[in-house]
Amino acid sequence: KAGVTQTPRYLIKTRGQQVTLSCSPISGHRSVSWYQQTPGQGLQFLFEYFSETQRNKGNFPGRFSGRQFSNSRSEMNVSTLELGDSALYLCASSLLNYEQYFGPGTRLTVT
Amino acid sequence: AQSVTQPDIHITVSEGASLELRCNYSYGATPYLFWYVQSPGQGLQLLLKYFSGDTLVQGIKGFEAEFKRSQSSFNLRKPSVHWRDAAEYFCAVGANTGNQFYFGTGTSLTVIP
C-alpha cells in the first residue's frame, strides 16, 4: 500500500506570497493532520481534517488554512508568507485515532 | 495541558552498545504515547505505540519502550545499537480529541563505529 505523499517536496517563495501544499493520505485513511517543523519550535500541530471537516486546530494565525476533499486529499495554504514560515511541513494520515503515518514533508523556504 | 519532555538533546553511543532515550509526559488522563524516528530530510516513522495494557511495548527495528505511570515516563530502549540507528527520535503524546499530537523536542542520536 502506498504511503503518504506530499507535493511539492521543495518550494522557494518570496515574502508576501502565498503557497499551497498538497497531501495524499494512505488509501482508506480519512484523517489528515498537518504539522510544522522548525529547528527553534520543533514539531507543532497545525490542524486536522476528518471527512472534509476541520476537527482540531493548533495555535497558528489565520494565515494558515487547510481543507480536505471528498477523496481525503488535503491541502494547506499559507497566505502573506513571512520569513518565519520557512519550515518542513509534515502531513500525517490516520485510519484510526492515535495512529498517524507521516509523509516525507514539504520543505518551504521563504526569502 | 499535554506536554512532552525529552531531556537529552543529543546522545552519542558506540555501535553495539545499549541505548535508552528518555521521555517524560504530562497528561491528565491515560496517555496515548508514541516514539517516532526521523532520518535527515525525511518524514517521521512510527517505531512503537502505547495505548493500554502491557506496559512494555515492542516496536520495529528492535526497539522497545516501557510505560511507567508513577514516573510519567515512556523511555525508549534498544539492547544493541546499529550505525543505521543514527537519527532524530521524537516522543509524542496524543490528545483525547482526535489526532492532535504533542511532540517532544527530539533527541539526536549519533552512533560511533
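In what follows, chains are A, B, ... by sequence order, proteins preceding strands, each numbered from 1. Since this is a predicted model, take the numbers as computed values, not measurements.
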- Query: Salt bridge check: are A:K13 and A:D85 linked by an N-O gap of less than 4.0 Å?
  - Reply: no
- Message: Taking side chain to side chain donor-acceptor pair (under 3.5 Å) as the criterion, tell me which of B:T107, B:T5, B:D8, B:N75 meets it with B:R22.
- Response: B:D8
- Query: Cation over ring, B:K78 on B:F63, under 6.0 Å and within 45°?
  - Reply: yes
- Query: Looking at CD of B:E64 and CG of B:L47, how far apart are the two atoms once the value is rounded to the nearest 0.5 Å?
  - Reply: 12.5 Å
- Item | Atom group of B:Q38 that falls short of 4.5 Å from chain A, counting heavy atoms | side chain
- Option in A:F45, A:F47, A:Y101 with maximal non-hydrogen atom pairs under 4.5 Å from chain B: A:F45
- Item | Options A:R107, A:Q37, A:Q44, A:R9, ranked by heavy-atom pairs under 4.5 Å with chain B, top entry | A:Q37
- Segment of A:L46 engaging chain B (4.5 angstrom heavy-atom cut-off): neither
- Side chain, backbone, both or neither: which part of B:L44 has a heavy atom under 4.5 Å from chain A? both
- Query: Side chain, backbone, both or neither: which part of B:Y36 has a heavy atom under 4.5 Å from chain A?
  - Reply: side chain
- Note on the structure: To the nearest 0.5 Å, atom OG of B:S52 lies from atom OH of B:Y32 at 7.5 Å
- Query: Side chain, backbone, both or neither: which part of A:L90 has a heavy atom under 4.5 Å from chain B?
  - Reply: side chain
- Message: I want to know whether A:Y35 and B:F103 have ring centres closer than 6.0 Å.
- Response: yes
